[in-house]
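Just so we're on the same page: letters track the sequence lines, and every chain starts at 1.
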Protein chains: 2
Amino acid sequence: MKFVCKKTDLLKGVNIVLKAVPSKTTMSILECILIDASAGQIKMTANDMELGIETVIEGDIREKGIIAIDAKIFSEIVRKLPDNDVTIETDANFQMLICCEKARFSIAGKSGEDFSYLPYIEKAEPVVVSQFSLREVIKQTIFSISDNESNKMMTGELFEISGSHLKVVSLDGHRVSIRNLELKGEYQPRKVIVPGKTLIEVSKILSGELDALVNLFFTKNHIVFEFDETTVVSRLIEGEYFRIEQMLSTDYETKVRVNKKELLNCIDRATLLIRESDKKPIIIQIEDGEMRLKLTSGVGSMNEEIVIEKEGKDILIGFNPKFMIDALRVIDDEMVTLYLVNPKAPCFIRDEKESYIYLILPVNFSSASV
Amino acid sequence: MKFVCKKTDLLKGVNIVLKAVPSKTTMSILECILIDASAGQIKMTANDMELGIETVIEGDIREKGIIAIDAKIFSEIVRKLPDNDVTIETDANFQMLICCEKARFSIAGKSGEDFSYLPYIEKAEPVVVSQFSLREVIKQTIFSISDNESNKMMTGELFEISGSHLKVVSLDGHRVSIRNLELKGEYQPRKVIVPGKTLIEVSKILSGELDALVNLFFTKNHIVFEFDETTVVSRLIEGEYFRIEQMLSTDYETKVRVNKKELLNCIDRATLLIRESDKKPIIIQIEDGEMRLKLTSGVGSMNEEIVIEKEGKDILIGFNPKFMIDALRVIDDEMVTLYLVNPKAPCFIRDEKESYIYLILPVNFSSASV
């Protein structure tokens, strides 16, 4: 194999497929990138068996061929090459020669015959979404997946399509994050659970451009993200997702409108007093025109008032401050509305048209600490 | 105690004295910052017994007093306060109240009676140097101190003043770094060994401004850095420093002029092939007009040529690539000159007027690896 390409193109391709290279594995072939220049294009592939990424880079193929090369070493060398044309050449012993200007690296590769290619997916009609929206929607929900593998379902996100509507849901047993997105086309109803890891990696590769698009394809066991010169194939999580409709309610006893940044900064400051492993709630007292926040820990105490608009009853309620911070951080609105029922019922943060709904369970606190 | 000051002033002061707060200690008083508003100014002090820092911040004292407060907690709270006036107030039980806008933090302090004040230093005539030059000279030499405490002397740097001349030297047994600086005044000869840790922390506080000055004072056991509103007092390392004059030689057999950036980038790229704990030399073959660099490791091999100007004999010599990189990184010149004698003698990198001299010992390599 021999081809010439620009360093920037090569590096971009390597960085994309690197997202599917597992950091720890016992199978050394999984630590490799497959470079395939056997069929008229330069295609790079990495696959950790759950998630596979394939991307095509521009370049001039001088001699057809295929090789598997250690992803870490190859990516580090490419990163440090001068910004110029790079020639990649392999010999019959799978030794790879990387030349750029006067620098010549020689490293050992593998034949690639043990490499796990991406599964073949029959691509029917795609669901189309902008790269920007998909990236945003992942960022705005991914924090409330669970990292506990004992409940596999919670480690993924629900992607539910009906008509021109995409709903993305994550939950970890203490909170639920929901984002609703309007699509440009009309689609058949579909419900799949996408692994959180896949979404995290995909969101890193997506460009933030509004007019760049992603085609989504679904099969029984896989989801495919197709964008730019890249294809990401991921297994889906099997099973039926939690019934979230029954958790949602529009009844409330207290409705609060508050400046998002003020509330976020106040809770963020309060968390300074929390040392690791210490679980201290932020206690919020809601009265007419004012919200009083208080946190007490072994380190000290803090309290602060924020001006609010309130409808309904006064309430005293406690939350895990991290959960509040996570939700508030990903809301772009200047003002947010909180809906509360009682100190044991979840708090809802949602906008009028329900483009977002964040449900957060309160925590108990001894009234002595108020 | 009660005073009001700007958050930015408070934070700046805290960040300065924080450099003398030890990260690990069994004495909890050392983890504290002393805030002293008993004598008409707001003075903060931290002291780890080797290194002490004192700084004065602007503010309005409402009630005199003094308190010792946990540095980590206090600094984290100050950092996250809104950017506005801050009121610090303490009560008879050394409880500290920090108020800023509507946020109120309450944390426990200490009386400060166990606090170790900075040693009193008789300040004679100062040696004056610009903050910029001092910061640069530290950065350009500090990498070749030793972190091995078994040879205390190597963990510090020699500061030698004679006439209008400041020489700064560090060495770790494999290399020597020397910087020579012209001062504006004429001073008495002095030779002291300043702990590396002190220099690292001082260089973080120094502003990079050319016309900001530092006054240096010396006593038998201490060095004092006085600049802006800050005083840094450090113990000196006792003993007589290594005789470096006898290591230096201006004889050479080979003289090479090479583009610094090209050489640095090439060696930097080569180190990609070195895995931790692996000690592989960069082997440099110097011939007329060309330098060939080569590195071979378990990962692979690289070689590259660089155009040079050469005088004298050809030579084949090996170096620890890190030592070459460290020295080249802190040289600002576009072209550097290397002076070599033979493959077992040190290489010198120095400029015409010897404002810098970097001596690097070569390493042995088997000729089989060439």
Between Ile98(A), Asn265(A), Leu293(A), Leu273(A), the one whose heavy-atom pairs under 4.5 Å with chain B are most numerous = Leu273(A)
Quick one: what part of [X] sits under 4.5 Å from any heavy atom of chain A, side chain, backbone, both or neither?
| X | value |
| --- | --- |
| Ala108(B) | backbone |
| Asp268(B) | both |
| Asn303(B) | both |
| Leu97(B) | neither |

If you round to the nearest 0.5 Å, how far is CZ of Arg79(A) from CG of Leu272(B)?
->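 The CG atom of Leu272(B) sits 9.5 Å away from the CZ atom of Arg79(A).
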What is the distance from atom NZ of Lys102(B) to atom CD1 of Ile306(A), rounded to the nearest 0.5 Å?
->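 Atom-to-atom, Lys102(B):NZ and Ile306(A):CD1 are 8.5 Å apart.
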Among [options], which residue forms the greatest number of heavy-atom pairs with chain A at distances under 4.5 Å?
| options | answer |
| --- | --- |
| Gly300(B), Ser106(B), Cys266(B) | Ser106(B) |
| Glu101(B), Arg104(B), Glu76(B) | Arg104(B) |
| Arg275(B), Arg269(B), Met96(B), Met302(B) | Arg269(B) |

If you count the non-hydrogen atoms of other residues, nucleotides and ligands that lie under 6.0 Å from NZ in Lys12(A), is the total more than 12?
-> no
In terms of heavy-atom contacts, does NZ of Lys6(A) have more than 12 from other residues, nucleotides or ligands at under 6.0 Å?
->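 For Lys6(A), atom NZ is not crowded (no more than 12 foreign heavy atoms under 6.0 Å).
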Considering all heavy atoms, the nearest Ile107(A)-Val299(B) contact | CG2-O, 3.7 Å
